[in-house]
Amino acid sequence: MRLRYIAAAWRMSVRELLRSRIAVILFLIIPTLFYAVILLTTTHKEIVFRLASVSEEMFIRVSQRQEALVFIGLAAVGLLTSFLALNLTQKHADANRRLILCGYTASELLSSKFLTLAGLIVGIGVYISILLLLFFEPRRLPLVFLGFMLAGFVYGCYGLMIGAIFRRELEGILLIVLLANIDIGWLQNPIYYADAQNTFIIRHLPAYFPSQVSMTAAFSGHSILAPLGGSLVYGGLLLLAAGLVFGWKMRIRK
Amino acid sequence: MVKVVEARNVAKSFGRRRVLKDVSFSVGPGEMAGIVGENGSGKSTLLKTIVGLLSPSAGEVIVREKIGYCPQEMLVFDTLTVNENFAYFAAAYGLRSGPGENGWRARERFLLSRFGFSSYRDVPVSNLSGGTKQKLNLSLAVLHKPGLLVLDEPYSGFDWETYLHFWDYAAELKAAGRSFLVVSHFLHDRSKFDAVYELREGVLRCA
């Protein structure tokens, strides 16, 4: 891998993203809209739930609104990063293949896209953490922020993979919205999974580990090492899958 | 004479559909070969097989020069400007920006001027007309001074004046020893070509 090539592709990838009107609009609208909905629909009534990643039977009693603010932050990060990552690998796929014909390798192009995604994850994580702080100060804010970034990492890699698999926008967006809606926007809400009949599925969905990092950090002093490791492994596997599919789709005869 | 490109008994199938059947031809240094054929006759498939975007189902393709490929579709980045597209492809070719006439920026200036679209240098590609986009598409194929130019419908969308500029430039490159493989659904002036082939139902014949 040649760093000069990756740097050039990264610069262009960032410019492309910044000039995408829909990306900028979504970046501004989704977190604001999600937080507005939570503020309009929740109360300060106390709720009780159990943290799934903490081994002992420990119930947490918090304000409904505070729980929802953390949960919806995770949902906003997951939805935004997966959609923007989808754009990175799906848009201009044929032009990317032409670049490979001209001398790039698929791994250099994917690395540049991953670097762009990493910047996005940090940006979105910071933005949503600031919004969260306007309404509620979690117990361990830096670790809640880490959970947001891990949600971005896992869902961003999922978006890269879906973008590499599907050529048409509609299928890609459908799969992004479908999973994000079911997983990070519904099943990972502790209020739901605390009483779920079957948690096996919930524990194997992409947002499980990042959600546990943020929830555990926001409302308890328990260790987040296990869900942190789980998030990194899950995201790493999705990134590997994205790399394999991207490399296969971009292959040329040398 | 060593050929720049040789196709030997090339076949290409997509599932049961045989698009190319036992295609053989070659192009020597400084030669210009044209391939004509109806829509759907397999011309673009043949070019994609030559440049490496597709692998032949049978036979072999030997290329002995750097290729400059101009695809039929505008495979450029439409949210980037013309200049940024030049920069991106220059990076892909491994060209340095460097000072003076050696860097890609001098080459960019030359091509912008040669094809008459210097004033669009800082305009996003999405705002360009079809003809100007095609000028960029073509310029990106010749940016690194390739020895073999593989051009798929290279002058589609050009006005008459640009069409003539294109042929003037092609003649200069040819005189400098560059080889050409040009595909079109029709070739206006066959006298410019050293060889013209016709592709019909996957079979290549001398026209």
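In what follows, chains carry the letters A, B, and so on, assigned in the order in which the sequence lines appear, proteins first and then strands, with residues in each chain numbered from 1. Below, all heavy atoms of this structure are taken into account, side chains as well, without hydrogens, waters or symmetry copies.
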Problem - Separation of B/Tyr88 OH from A/Leu99 CG (nearest 0.5 Å) - result: 5.5 Å
Exercise for the section: Flag yes if more than 12 heavy atoms outside B/Glu172 fall under 6.0 Å of its CD atom; otherwise flag no. Expected result: yes
Problem - For the student: nearest non-hydrogen atoms of A/Ala95 and B/Phe77, plus distance - result: CB-CZ, 3.7 Å
Practice task
Answer yes or no: are there more than 12 heavy-atom neighbours, outside A/Arg167 itself, under 6.0 Å from its atom CZ?
Solution key: no
Handout entry: Shortest non-hydrogen contact between B/Gly52 and A/Leu101, atoms and distance
Key = C-CD1, 4.5 Å
Problem - chain A interface, residue from B/Leu80, B/Val76, B/Leu75 that has the most non-hydrogen pairs under 4.5 Å - result: B/Leu75
Exercise for the section: Could you tell me whether B/Glu73 atom CD has more than 12 heavy atoms of other residues or ligands within 6.0 Å of it? Expected result: yes
Handout entry: A/Leu3 atom CG, neighbour heavy-atom count above 12 within 6.0 Å
Key = no
Handout entry: Crowding at CD, B/Glu38 (>12 non-hydrogen neighbours, <6.0 Å)
Key = no
Problem - Structural part of B/Asn85 lying under 4.5 Å from a heavy atom of chain A - result: neither
Completion exercise
When the 4.5 angstrom heavy-atom criterion is applied to B/Leu140 and chain A, the contacting part is both
Handout entry: Note, A/Arg98 side chain near B/Asn137 side chain (heavy atom, < 4.5 Å)
Key = yes
Problem - B/Arg18 atom CZ, over 12 foreign heavy atoms within 6.0 Å - result: no
Handout entry: Other residues, nucleotides, ligands: >12 heavy atoms within 6.0 Å of A/Leu133 CG
Key = yes
Handout entry: More than 12 heavy atoms from other groups under 6.0 Å of CH2 on A/Trp10
Key = no
Handout entry: Atom group of A/Leu109 that falls short of 4.5 Å from chain B, counting heavy atoms
Key = side chain
Problem - Per-residue contact mode, B/Ala141 against chain A (heavy atom under 4.5 angstrom) - result: both
Problem - Separation of B/Tyr93 OH from A/Cys102 SG (nearest 0.5 Å) - result: 3.5 Å
Practice task
May I ask you to list the residues in residues 14-38 of chain A that approach chain B closer than 4.5 angstrom, counting heavy atoms only, ordered by number?
Solution key: A/Arg15, A/Glu16, A/Arg19
Handout entry: Under 4.5 Å from any heavy atom of chain A - which part of B/Ser126
Key = neither
Problem - Distance, nearest 0.5 Å, that separates CD of B/Glu60 from CZ of A/Arg253 - result: 10.0 Å
Practice task
Could you have a look at B/Leu143, B/Ile67, B/Asp78 and say which one has the most heavy-atom pairs with chain A under 4.5 angstrom?
Solution key: B/Asp78
Problem - Residue pair A/His92 / B/Thr79, side-chain heavy-atom distance below 4.5 Å - result: yes
Practice task
Against chain B, label A/Tyr104 side chain, backbone, both or neither, depending on which of its atoms sit under 4.5 Å from a heavy atom there.
Solution key: both
Problem - When B/Pro124, B/Ser55, B/Pro146, B/Gly94 are compared by non-hydrogen pairs under 4.5 Å with chain A, the top option - result: B/Gly94
Problem - Per-residue contact mode, A/Ala7 against chain B (heavy atom under 4.5 angstrom) - result: neither
Handout entry: Segment of A/Arg11 engaging chain B (4.5 angstrom heavy-atom cut-off)
Key = neither
